[in-house]
Trainee: 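Below is the structure I would like to discuss, written out as structure tokens.
No hydrogens, no waters, no symmetry mates; every other heavy atom, side chains included, goes into these values.
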Amino acid sequence: MPYERNRLLALLLNIIPGVGHLYWGKKGRGITYLVLFFGGCLFGTVLAIAAESGEVAMVTLVTAIILWLISMFDLLITMLRESPEERAYRDHVRQMSGAGRESEKFYTILLSFVPGLGHFQLGLMQRGLSFLIAFFGLITMMFFVTGLTHESVFLLFLGLLPIIWLYSMFDAVQLVHRKLAGEPLVDRTPFDDWEAGRIEGRRSKVLATLLSAFPGAGQMYLGLQKRGLQMMVLFLGSFYIIDVLRLSVFLFVIPIIWFYCFFDGLQQTSRYGILPMEDHPLLETRGEYQHWLGVVLILLGVYFVGIELIVPVLDANFPGLRLSFRIEKYLRPTIVAVLLIGGGIKLLARPKRRDVFWNDGDI
């Protein structure tokens, strides 16, 4: 009868490629990875020193990283393909050892600070791997895209990391309590849960709460597409307008918008499943503001084309005009002043709601 092996310990041991395979009983693979990893590193290092080439050293490092990743994924796949007899025996041993119940809870919560490791402790390899890849894959992809495009704006997507981390933590804690209560755990990815919830017409309140951290995302997840889209456009559009028009004095508006959207998401989540959900947008346009929205978009497009294309050409051919300086010094403050004054006059010119009711009554 095989002895009980700890999956998390196997992953930790496999930080040295091959050791995890040896612990799991795969001696052939373990020895192969050890020889390839350390033999390749030694050969590459000697070759780099002899040739005095930094490129050889870089190729050796990249090859070692790729081999390490292959070793880790191979071990994960090996553990996922565990036979039903081995899985039944492992679950039986854990159920019989009642003294290990509290320790399992402690280690699961402790390991959950790294997304996915707590699920590995529970034996949920596919679920843990989903969280692990989502968390570290997002970090790797955003830094890769940022380095490739030299645009730091992509780093804003790293704001999704706390959402993934919190959801993984809450999910692991919930699962360990269910396991200690005697409920069977099914190893499936979060996407499978969401798909099952979609088929049954249910959505996760925990996920909706976490998605509410990004304005509009929680509302859209709950099915409030119009409301969520308007909140998302309002939040992201405020960044663009403040940056284009250099309205740094209005940066205080952004946290106000964020708090409003976040607490609206919490309110909608608390109503879900209890009260009927109605997709009320923030602004009831009904076509009355569509004309003005089109005018604003056209003006922004013309302004953007002029600033980015026409003005640099004119400054290069006619340095004496100093158009960039004049626009920065005079045009932008004038545009801001006109917008603020015009918006104030528009608000003051609207009839009071009370007067409208009185006129309706008189009629």
Side-chain angles (χ1 to χ4, degrees), residues 2-83 86-87 90 107 110-149 154-155 157-158 160-161 164-165 168 172 187 189-191:
Y3 67 91
E4 171 70 6
R5 297 185 181 94
N6 189 294
R7 297 186 175 191
L8 180 61
L9 179 58
L11 288 173
L12 294 177
L13 289 175
N14 208 56
I15 293 177
I16 302 175
V19 177
H21 293 83
L22 293 174
Y23 170 76
W24 201 254
K26 306 296 180 181
K27 296 182 180 180
R29 294 185 183 182
I31 295 174
T32 301
Y33 283 120
L34 281 171
V35 171
L36 289 177
F37 183 80
F38 288 102
C41 289
L42 180 61
F43 176 77
T45 302
V46 172
L47 187 61
I49 294 174
E52 297 182 354
S53 174
E55 294 181 358
V56 176
M58 182 60 66
V59 171
T60 303
L61 178 61
V62 172
T63 304
I65 293 175
I66 293 175
L67 184 60
W68 183 85
L69 292 174
I70 292 175
S71 173
M72 293 297 291
F73 280 111
D74 182 53
L75 180 61
L76 285 170
I77 294 173
T78 301
M79 291 187 293
L80 284 173
R81 291 178 177 176
E82 182 182 34
S83 64
E86 291 177 343
R87 186 179 299 110
R90 177 171 51 81
Y107 284 117
L110 180 63
L111 292 169
S112 296
F113 283 93
V114 178
L117 293 188
H119 298 83
F120 290 158
Q121 173 67 19
L122 295 174
L124 305 176
M125 302 301 296
Q126 295 183 18
R127 198 174 188 86
L129 189 61
S130 300
F131 285 114
L132 192 66
I133 292 178
F135 188 81
F136 291 101
L138 178 62
I139 296 176
T140 304
M141 184 56 64
M142 289 303 103
F143 278 108
F144 175 76
V145 173
T146 301
L148 192 65
T149 61
F154 289 102
L155 295 178
F157 287 96
L158 294 178
L160 296 174
L161 292 178
I164 299 175
W165 184 83
S168 175
D187 186 13
T189 65
F191 302 101

Trainee: Between F37 and A64, what is the shortest heavy-atom contact and its length?
Mentor: CE1-O, 3.6 Å
Trainee: Can you measure from OG (S130) to CD1 (I164) and round to the nearest 0.5 angstrom?
Mentor: 11.5 Å
Trainee: I need the minimum non-hydrogen distance between W68 and I15, along with the two atoms involved.
Mentor: NE1-O, 2.9 Å
Trainee: Got a second to check how far H119's NE2 is from L129's CG, nearest 0.5 Å?
Mentor: 11.5 Å
Trainee: What is the minimum heavy-atom distance between L34 and V19, and which atoms define it?
Mentor: CD2-CG2, 4.3 Å
Trainee: Is the closest side-chain heavy-atom distance between F131 and W165 below 4.5 Å?
Mentor: no
Trainee: Could you grab the distance from atom CZ of F43 to atom OG1 of T63, nearest 0.5 Å is fine?
Mentor: 11.5 Å
Trainee: Could you pull out the closest heavy-atom pair between S112 and G118, with the gap in Å?
Mentor: OG-CA, 3.7 Å
Trainee: Are the side chains of I139 and F135 in touch, meaning some heavy atoms are under 4.5 Å apart?
Mentor: yes
Trainee: Would you find more than 12 non-hydrogen atoms of other residues, nucleotides or ligands less than 6.0 Å from I16 atom CD1?
Mentor: no
Trainee: What distance do L61 atom CG and I66 atom CD1 have between them, rounded to the nearest 0.5 Å?
Mentor: 10.0 Å
Trainee: I'd like to check F120 versus L132 (side-chain heavy atoms, cut-off strictly below 4.5 Å). Are they in contact?
Mentor: yes
Trainee: Does H21 form a side-chain contact (heavy atoms from CB on, under 4.5 Å) with S71? I'd like the steps, not just the answer.
Mentor: CA-CA 9 Å; H21 293 83; S71 173; 3.5 Å; yes
Trainee: Just checking F73: does its CZ atom have more than 12 heavy atoms from other residues, nucleotides or ligands closer to it than 6.0 angstrom?
Mentor: no
Trainee: Between P115 and S168, which heavy-atom pair has the shortest distance, and what is it?
Mentor: CA-OG, 3.5 Å
Trainee: Are the side chains of D74 and Y33 in contact, using a 4.5 Å heavy-atom criterion?
Mentor: yes
Trainee: Within the 4.5 Å heavy-atom criterion, are T78 and R29 side-chain neighbours or not?
Mentor: yes
Trainee: Hey, does the side chain of T140 reach the backbone of F136 with a donor-acceptor pair shorter than 3.5 angstrom?
Mentor: yes
